[in-house]
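Step one of this worksheet: look at the structure below.
Since we're looking at a predicted model, the values are computed, not measured. Naming convention: chains lettered A, B, ... in sequence-line order (proteins, then strands); numbering from 1 in each chain.
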Amino acid sequence: MDKSYIIEQLKSQIEGFKSAAKTEKVGKVLEVGDGVAKVSGLSEVMSSELVEFESGVVGVALNLEADEVGVMIMGDYTKIKEGETVKSSGKILSIPVSDKMIGRVIDPLGQTIDGKEEIKAEKFYPVEKIAPGVMTRKSVHQPVQTGIKAIDAMIPIGRGQRELIIGDRQTGKTAIAIDTIINQKGQNMKCVYVAIGQKESKIARIVAELEKAGAMEYTTVVVAGASDPAALSFIAPYSGCALAEYFMDKGEDVLVVYDDLSRHAWAYRQVSLILRRPPGREAYPGDVFYLHSRLLERSAKLNEDFGGGSITALPIIETQAGDVSAYIPTNVISITDGQIYLESDLFYKGVRPAVNVGLSVSRVGGSAQIKAMKKVAGKLRLDLAQFRELEAFAQFGSDLDEKTRAQIERGKRTVEILKQGQYEPMAVENQVAIIYALTNGYLDDVEVEKIKAWEIDFHKFLKSQGKNVIEIIREKRELSDEVVEALEKGIKEFKEIYQ
Amino acid sequence: MKISTADWAQVLYETVKGRSQEEIGEPLSNFVKALARQKQLGKIERILEKFSQIWNRENSAVDCEVISAQKLEDKMIGKIRNFVAEKYQVETVNVKNRIEESIGGGVKIQIGDEMLDESVSGRLGRLRKELTYGV
């Protein structure tokens, strides 16, 4: 391509440019500070409309009062001067969306921040949108395999469900979300990871891990870091959801992780207090419930008439000192279709992932599991609950009857099997195999300390077999006689070799 | 009960409507005293803005600010005055010409909170937006 061609192109674009000036509505900045500007004028501005400051910064009109408009500034507010002109753009806040955003790291306004090439938008999707209505939906019936045994067996998640991950700091909440994203390889799912108010170093580490696992081929990361203005943290989850809706409208399945909504509520509280909206409980504004409910309601499974796509949401909430009865946790628990409750006690005892199976629940349950898993894990939860009850008696090992002792021994082995390493998601076929071995007593003669090693070798063995068990389970997805036969054979063979 | 600036401006208008220049001295001082009693003297700027809007509306006039890079000739101002009068269907147009060199050339016409930007800087801005990507 030579220079004269480029110049010709540019000239024709400039000539073809029709600079029709229309009257625009303008206002004047009265006050600016702390990420919010008070603007006079702007008489016909809509709520949540995008406005542009003379210095180039963009803002969102949030507070529409009789004499002035409160504008939340989406960028560096130090550039804005008092008396500056503000133009209304006529557009409600929307972000550019495109297939090219897969594999990229973007900010909540749709601009790329990973230093690679710019993305030209195919479409603009509104950041705020009314959730799909009742008649457009279908019930959840396909599984989202997280690759984590404790979750897929006992607290299964389906496509279109909202499952909350809740726990104290450093209990492994983000780890569960990242392992789930990594396990979506080959599962026909796109993923969006929204980082709200997180440390930039943590986000960098997460992106590196996702790249290493090859997950960036189907994942987009939306970042509003800890040093970005609260306004960006406020809209980050909605932007992530808008991008997910772009894929859902094309009939695809999307997984969205909101990490985390506690910081989102803090950012909203900051913006509301500066806009002088009256504070309520814990200084949050009165509509903090609506803040999260309208976000999470946009995750749905659509019926075939609307494309059959789905958005599964994994919101994360950080509790303080295990208090799930605080304001924001109780709000979000009542909105979601279940929660995965992580406890620090379990974490320090070595049970990782530190899932408290008793308090965790999935309201979708069995309809989001393949038949094989449903059969095999059916009694697992009950057995574990009974074991927890009896655990206290484990100290009096000798004074117990045979049945109780057996239950305790089985329970200990269950806990061992459910432990799993970070970044090691397991395919559902392997999960079915190992849980089958566990619940049918094949592990009762293995010492508890050696269970982990047994499991690792078991999976290696299954992989090395000819027309093997794993493939059969993957094909049939249920525990037919053929599958059971193959499993029994495989397990017996392994046990012989292992001795 | 809080009285809004719009109401104050309306009251001010009603007070001076139809009166001659000699007659408005006392009503105006009463108005200021009332404002002081309500501790709303700080709002006088906004009240005067609103008053100006009400006055223009009632008397079919608009205030128009024309921003140009160099001082405009009377002929040009006359043309702008006619243009605005037709667009807004008013009889009187009060034109104020402000000089701002940063706009390069052309004019920006501002009436209330509507702005018509036919300045060189405005057109360049629109051209830049058209040629680049982004929100």
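Within the structure, no pair that satisfies the salt bridge (Lys or Arg N to Asp or Glu O under 4.0 Å) test touches residues 76-85 of chain A, not counting sequence neighbours.
The NZ atom of A:Lys25 sits 3.5 Å away from atom CD of B:Glu114, with the distance rounded to the nearest 0.5 Å. To the nearest 0.5 angstrom, A:Glu65 atom CD is 12.5 Å from B:Ser4 atom OG.
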Distance-only donor-acceptor hits, side chain of residues 227-242 of chain A, under 3.5 Å, sequence neighbours excluded:
{"unit_1": "A:Ser227", "atom_1": "OG", "unit_2": "A:Glu200", "atom_2": "OE2", "d": "3.0"}
{"unit_1": "A:Asp228", "atom_1": "OD2", "unit_2": "A:Gly225", "atom_2": "N", "d": "2.8"}
{"unit_1": "A:Tyr238", "atom_1": "OH", "unit_2": "A:Leu291", "atom_2": "O", "d": "2.5"}
{"unit_1": "A:Tyr238", "atom_1": "OH", "unit_2": "A:Arg294", "atom_2": "NH2", "d": "3.4"}
{"unit_1": "A:Ser239", "atom_1": "OG", "unit_2": "A:Pro108", "atom_2": "O", "d": "2.7"}
{"unit_1": "A:Ser239", "atom_1": "OG", "unit_2": "A:Ile235", "atom_2": "O", "d": "3.1"}

Side-chain donor-acceptor pairs under 3.5 Å in residues 27-46 of chain A, sequence neighbours left out?
{"unit_1": "A:Ser43", "atom_1": "OG", "unit_2": "B:Asp113", "atom_2": "OD1", "d": "3.4"}
{"unit_1": "A:Ser43", "atom_1": "OG", "unit_2": "B:Asp113", "atom_2": "OD2", "d": "2.5"}

Going through the distances and angles, do A:Lys87 and B:Asp117 end up as a side-chain contact (heavy atoms from CB on, under 4.5 Å)? CA-CA 11 Å; A:Lys87 288 198 193 138; B:Asp117 190 351; 4.0 Å; yes
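Residue contact with chain B, scored on non-hydrogen atoms closer than 4.5 Å, involves the side chain of A:Thr85 exclusively. For chain B, the nearby part of A:Glu68 is the side chain; its heavy atoms alone come within less than 4.5 Å.
By a heavy-atom distance cut of under 4.5 Å, B:Arg46, B:Lys50 are the residues of residues 46-76 of chain B near chain A, going up by number.
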